[in-house]
Amino acid sequence: MSLGIKSIWRTGPRSIGTLGTLPQRTLALRVGESTSSFSTSHSNNNHKIAQSIVSGPYDRYQASNEPISDLRTRVEVLQTKHSRNVFLRNAFRETTPAIRERVERKRNSPYVPTARHYPYLEAARSSQSHSNRVARVQVGIDAIWENFDQRVPDWMETFNLLKRMMPKRTDAPNMAAVRVVLPSTWDFPVRNKRVEFLDTATGLATKLRVTANYKIPNCKIPSALVLRGESSVLTKAADELIKICPDVEIFKLGEVATFDYMAKRLWPSIDNAADGGSSLPPRNRDSIWVHKEVQTYWIEKPYEQTPKPSVWTKESFETYITALVCGRLRSHLALKYYRQPREDGKLIDTDGIRVQLILNAFEDPSARECITPSVLKLALAFMAQKGGHRASADRLFTLAEKWGLPMDTEMFNIILDGYVSKRDAAFFHRFLQKMEIRYFYPNARTWLHFLKLVQRDDERRQIIVAMYEIGLFEDPATRRGIAQTMAGHDSYAAFKAGKTLDHFMADQAMRYGDDWFTSGAMNPILKEFLRFYGNSAISVESFQTLMKRPFEDGRALDISTFHAILETCLENKDWTTALWTLSHMHDQSCEPNHRTYSLLTSLAIITGAPCTLGVIFFYGLLERKLREPARRIMQAVLLRRLLFKSPFRIFSRKTASLLKRKKIPKEASAVAGVEWAILSSLDGYKPVKSLGAALDITWRTMDLPSIWKAKQRACKDYDSSKDSTTHDYAIKLRDGRDQRPPVTVHLDTAFDPDSMIRKRVATQTSTSDIANPAAKLEI
């Protein structure tokens, strides 16, 4: 039988044990004890390091299973947890001279991007600030690992590890993996081992990898074995097993994300199946695992009320996990359902609630048989990208190995992607070592993750050369991934050399092929183009042509592209491009989210546009999309710690009178109080005009003339009699359910903290705040 497949996709748990004997005829397998002992110590060492970092160096009671009985012990546990949290926070927040010196030295690290130079000062400052922040993160990661007498490996160590793990081109087609399902009468207590197969005909021994595959929960006897090794050797081993017992079933393992075991059964043959019984018949096509694109949607109920079936099936388990991953509770409902007194405020980790529910479902013994690789990948991808829950993703990954779920390289890549987001090169390196121990080969996506982790351009070029020599450039998707990662550097070098946008796009096609352009590559290109051309970029025809160009990866234009443009508008104080971007968002039916409102709030503060800011504030509260840091900025404006030279009006007289009758309890609730007052009568109403159209009117007809007049007043020959009164902006609203008549709200009243807050603390506003309202805010 032919077993010529690549062993990039591997399956099976990771546990060390002893190899037993067969009941009838002994299969000649010799255990490689030295390799197994090395793997065990290495894996345990990494597990201890990871557990220490998750638990903290001061949490002495974390590993204990005994209940905390007396009050003194509970206080000690709280103190150790507090010390752990303080240590982790200070690792990333301290600003001592020694830390600043380490940050300065860390700027030369391959994991820290080089600060770039631009014609505009603000763009150069933004690049320098980004480089400093990344360097500070790396210093914090170094401090944590040094606390455990460990170090972050040099990038060349990880680079060489990746090259060592890649199979040779001539060897890759000869590797294979098979799954052997044993009869229920066999007693074969084997666990994860590196073994040697002894050919009875030739007497030659060849190394194989055997893994136990447990289908029955809490059963110490495996129901199947997974063998990995050279194709020719596995063929002989399979033949010997068939001779020993004709009741065994043998399957060829391929890409588990696409096929199930039955799709590649080698022995016995499938009835009415093509290709000699090795392919899945049409009636069983529903058992193929395929990739599904999932979309996030809003929910109105607590996560605990997600419908949970009484009996788990593969379909119901997938539906439940998908609902937890994709369903997102609206922000204003989080406090309603999960409000609890907290020492540091009322922020709620709703992601932690979802993660715990997902873990509870996976750890339910009755759901063990319903877990498929696709739903496991969905859960891992969700947890690995959450800042405080990557340890939970690693734990679920370890449990999946223990349960004998089919594993492949992509599951390793999901965890590696989380470490790339965290910029943790140490855990990235150690997880690659775990991947090597389990005999999984890295693929193109693994290399792309490492390329993204490394930030320096020279080092990235070395990685790209290695990928080319390995032969990864033959795949168009890999070339697109490289082009996406290098788009920022390539566009910066081109625009700095004076090349046009069209010339740059032609150069990229020569480097990476005609199908290189993706949605991920577009964002850094737009940012670099706007940083070089500033406010005039919007008038360049090639810029607008680029925005309309379809992506080669088939994706649609999403909101991240518009946010990339708004970020550069914030650097350039450019309302013209920002308004064009909002108009283009509306044409593409792309709704603004909380990030959009945060960027627009910062832009209005920096440019000194109170009327525009008032509309942004009103729209954001009405649509419940105003979050941090926009709420923090608006609180400073409401409390008059940031002042404008023109009136800042945010609601109508009717709403103002409501707040004067029912005052806000304290200053910290200023934004929440205004939100309550506006929504008390307007909840459910939607603005008739889009956000972009409303801001276009207020900026052109109200704020821009006011700014121009302020400049004119500075002139000695200015005639003050030409001043005119400021107009109020009227917003037309309609009921989203068409159950109430339309209303018009005039933004003609400002917030008065003295008459609308019960406990008002007198604050003194500095003149620097009036001159530059963004001077003391980190925007």
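The basis for the numbers below is simple: all heavy atoms, side chains too, and nothing from hydrogens, waters or symmetry mates. Residue numbers run from 1 in the order of the sequence given.
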Inspect the contact between [Y] and [X] and indicate whether a charged nitrogen and a carboxylate oxygen are less than 4.0 angstrom apart.
X: Asp394; Y: Lys434; value: yes
X: Glu363; Y: Arg395; value: yes
X: Glu667; Y: Arg641; value: yes
X: Arg595; Y: Glu567; value: yes
X: Glu552; Y: Arg480; value: no

| Are Leu357 and Thr306 close enough, and set up right, to give a side-chain contact (heavy atoms from CB on, under 4.5 Å), and what steps lead you there? | CA-CA 10 Å; Leu357 291 174; Thr306 303; 5.5 Å; no
| Phe618 pairs by side chain to side chain contact (heavy atoms under 4.5 Å, CB included) with which of Val674, Val745, Leu613? |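 Result for side chain to side chain contact (heavy atoms under 4.5 Å, CB included) with Phe618: Val745.
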Got a second to check how far [X]'s [atom1] is from [Y]'s [atom2], nearest 0.5 Å?
X: Ile606; Y: Cys569; atom1: CD1; atom2: SG; answer: 11.5 Å
X: Arg734; Y: Tyr685; atom1: CZ; atom2: OH; answer: 11.5 Å
X: Ser669; Y: Ile664; atom1: OG; atom2: CD1; answer: 7.5 Å
X: Leu603; Y: Leu570; atom1: CG; atom2: CG; answer: 6.0 Å
X: Lys308; Y: Tyr320; atom1: NZ; atom2: OH; answer: 5.0 Å

Polar side-chain atom of [X] near backbone of [Y] as donor-acceptor pair, under 3.5 Å:
X: Lys527; Y: Thr568; answer: no
X: Arg354; Y: Gly327; answer: yes
X: Thr446; Y: Asn443; answer: yes
X: Asp417; Y: Asn413; answer: no
X: Thr655; Y: Phe651; answer: no
X: Arg390; Y: Ala384; answer: yes
X: Arg328; Y: Trp298; answer: no
X: Tyr338; Y: Leu333; answer: no
X: Thr561; Y: Leu557; answer: no

| Does anything in residues 672-692 pair up under salt bridge (Lys or Arg N to Asp or Glu O under 4.0 Å), and if so which pairs, sequence neighbours excluded? |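 Residue pairs passing salt bridge (Lys or Arg N to Asp or Glu O under 4.0 Å), neighbours aside: Arg624-Asp683, Arg631-Glu675.
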| query | Is there a side-chain hydrogen bond (donor to acceptor under 3.5 Å, both in side chains) between Ser598 and Thr601 once you walk through the steps? | reply | CA-CA 5 Å; Ser598 179; Thr601 299; over 6 Å; no
Taking only residues two or more places apart in sequence, or in another chain, which ones meet [X] in a side chain to side chain donor-acceptor pair (under 3.5 Å)?
X: Arg423; result: none
X: Ser690; result: none
X: Ser366; result: Asp364
X: Ser560; result: Asn523, Asp558

| field | Over 12 non-hydrogen atoms of neighbours within 6.0 angstrom of NE2 in His586 | value |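 No, the 6.0 Å shell around NE2 holds no more than 12 heavy atoms from other groups.
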| CZ/Arg93: more than 12 non-hydrogen atoms of other groups inside 6.0 Å |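 Result for CZ/Arg93: open.
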| Do the side chains of Trp575 and Thr612 get nearer than 4.5 Å, heavy atoms only? | yes
| Side-chain contact, heavy-atom cut-off 4.5 Å: Leu599 with Ser602? | no
| query | Does Phe317 have any ring pair (Phe, Tyr, Trp, His ring centres under 6.0 Å) partners at least two apart in sequence or in another chain, and if so, which? | reply | Trp312, Phe362
| field | Test log, rule side-chain hydrogen bond (donor to acceptor under 3.5 Å, both in side chains), inputs Thr322 and Thr319 | value | CA-CA 5 Å; Thr322 304; Thr319 301; over 6 Å; no
| query | Given the rule in the salt bridge (charged side-chain N to carboxylate O under 4.0 Å, His left out) test, do Lys377 and Glu410 qualify, once you have shown the distances and angles that lead to the verdict? | reply | CA-CA 8 Å; Lys377 289 181 180 180; Glu410 283 307 314; over 6 Å; no
| message | For the aromatic rings, using the six-membered ring if either is Trp, is the centroid distance between Phe87 and Phe92 under 6.0 Å? | response | no
| query | Under 6.0 Å between the ring centres of Phe397 and Phe412? | reply | yes
| Steps toward side-chain hydrogen bond (donor to acceptor under 3.5 Å, both in side chains) verdict (Thr372, Glu318) | CA-CA 8 Å; Thr372 61; Glu318 181 178 359; 5.2 Å; no
| message | The test is side-chain hydrogen bond (donor to acceptor under 3.5 Å, both in side chains); show your working for Glu623 and Tyr597 and say whether it passes. | response | CA-CA 11 Å; Glu623 297 182 7; Tyr597 281 97; 3.2 Å; yes
